[in-house]
There are 2 protein chains.
Amino acid sequence: MLTAQRQQLIKDELSSQGRVYARDLAQRFGLSEDTLRRDLRKLAAAGICQRVYGGAVAPDAGPLHQRHQHLSDEKQRLAAAAVQLITPGQTILIDAGSTNTAIARALPADMDLTLITNAPDIATIVAGRGDMRLIVLGGVFDPQTGACMGPTTRAEVASLRADLFFLGSCGVSAAQGVTAFDAETAALKQAMHAASDQVVIVATSDKLGTAAPFRVLPAADIATLVIGEDAPGAAALAALGVPCVTAL
Amino acid sequence: MLTAQRQQLIKDELSSQGRVYARDLAQRFGLSEDTLRRDLRKLAAAGICQRVYGGAVAPDAGPLHQRHQHLSDEKQRLAAAAVQLITPGQTILIDAGSTNTAIARALPADMDLTLITNAPDIATIVAGRGDMRLIVLGGVFDPQTGACMGPTTRAEVASLRADLFFLGSCGVSAAQGVTAFDAETAALKQAMHAASDQVVIVATSDKLGTAAPFRVLPAADIATLVIGEDAPGAAALAALGVPCVTAL
DNA sequence: ATTAAACTTGCATAAACGTGCAGAACGTGC
DNA sequence: GCACGTTCTGCACGTTTATGCAAGTTTAAT
């Protein structure tokens, strides 16, 4: 990846998030923190950001901006924790959903990854970077979930395989396991599960302890559950033997 | 390969990807890095790109979601003319390419359209609007063209049909017809042609009169050719009986 | 006050760079 | 055909840039 390109991505994140962490950037780009600190110093010298201990912030952080940042903050932290489960060379299957979009954005650079997704917006995010392969699952686009589904999609999934499957946008509870809002979604997620070695669920606290009508898979099939530190209902899941990773 | 042709390919990649690597280009073209660096310097001197350590980047690369919006006036005018060929209720197949992206943006609202595309960025554009159905063609994403291709994609196309096919990113000439830069691209476009009633080609003037190595279809198979008012080589195509629409 | 993390600075190395030069390919005029 | 100039290309040389590591300093939190 080009140095200029990397610095452009930092600029993008600064303008969209209002802040960046040197440590986080170094991990994502697969470079030393020294290099990223140099980048931040350079951007600060150009007036693009302001250097602070631990990273950098955008010069003009409006009040509304901070609010928006607060809302998405949980997902970003969860995503940062989730991508640490990935090892170089793996094939990653990513479902649709806003949490999974955050994961796609947080994917570390230059790890020779192959990404499979049925969400066009995730495909677009990853399409811009040349450091990973991308396989798109086709099908009928569902505006509700932002994903492609239907028989074509399920057939395509069945002909592929992945090391890690990031399953998203569902209810997760100890008693009911993972559940979905409609039959088609549930069937697709099951097909994705069948094509993957491990299922990872990154759940915001509003998903935990809730259940939808359609059963996807039992809690015991979850390889890793990534949750926030104060997540409700986590104890019940941990009691079932579901491996939990706590973000932050 | 002609020097001008090589530099045109670099331009294409710059506008589609926003960046090029000197080393990568040298390897792909089978030339020394010195030669490619010379090309990049020349393009930079012409203001087409900006030279950076390791390659070059497109001049004004804003935030990710704002990129690709700097479509030229020519493409927007062509797109506006092209979408007038669409009638309500039709199924539209749209290929990848910056001109076709402009067409996707220009699609009229509330016409009960069904859109089929193999370009994730076009899918993302249309995904946001609720007034049309969207079918995404999956496959292996090719960063070069920004499209999904491969056997899966061709098989999916074969199971669908469309009224109009907007074919993009090719050379168009009276003698050679429509041509593509590689075999896979040509094969996919042929499969798309076979699935469609009519082929529409929207060609910017730099594509007219040029030919690439791989033949896609003869000029006689073009249902409608949309071109600018001062397009060179248009007379030769019109002489062959290709119906032409002139934008503005 | 103590400690760990983040930081700056200097240095070493490898990659990318620009320049000058020479040979090859091509067109032009004699 | 032949001399000439132009353009494109690859190679050799010295220079610049990016990066990681080590050493010492500053910052923030306990």
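Throughout, protein chains are lettered first and strands after them, A, B, ... in sequence-line order, and every chain is numbered starting at 1.
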### Query
Reckon A:Arg51 has a side-chain N or O less than 4.0 Å from the OP1 or OP2 of D:dT27?
no
Closest of C:dA6, C:dC17, C:dA16 to the A:Arg23 side chain is C:dA6
B:Thr3 has its side chain closest, among C:dT19, C:dA15, D:dT9, to D:dT9
> Does OP1 or OP2 of C:dA15 have a side-chain N or O of B:Arg37 closer than 4.0 Å?
Replying inline: no
inquiry  = Taking A:Thr91's backbone N and O only, do any of them form a donor-acceptor pair with A:Thr114's side chain (distance below 3.5 Å, no angle check)?
reply    = no
Side-chain atoms of B:Lys42 come closest, of C:dC7, D:dC8, D:dG20, to D:dC8
Of the listed C:dC7, D:dG20, C:dT19, the closest approach to the B:Asp34 side chain comes from C:dT19
* Lys/Arg N to Asp/Glu carboxylate O, B:Asp34 vs B:Arg38, below 4.0 Å -> no
Give the C-alpha distance, both sets of side-chain angles, the deciding distance and a yes or no for salt bridge (charged side-chain N to carboxylate O under 4.0 Å, His left out) between B:Arg77 and B:Asp73.
CA-CA 6 Å; B:Arg77 278 186 282 114; B:Asp73 282 354; 5.8 Å; no
By nearest-heavy-atom nucleotide on DNA chain D, the more 5' of A:Gly30 and B:Asp39 is B:Asp39
As its Watson-Crick or G-U partner within any shown strand, both distances under 3.5 Å, C:dC30 has D:dG1
Notebook entry, point to check: Contact class for A:Arg41 vs. all strands (heavy atom < 4.0 Å): base, sugar-phosphate, or nothing?
Noted result: base
Any donor-acceptor pair under 3.5 Å linking the side chain of A:Asp39 with the backbone of A:Gln7? no
*asked:* Taking any heavy-atom pair under 4.0 Å as a contact, classify A:Arg38: base, sugar-phosphate, or nothing.
replied: base
Considering only heavy side-chain atoms of A:Thr35, the closest of D:dA18, D:dG20, C:dG18 is D:dG20
With the side chain defined as heavy atoms from C-beta on, B:Tyr53 is closest, among C:dG18, D:dG10, D:dT17, to D:dT17
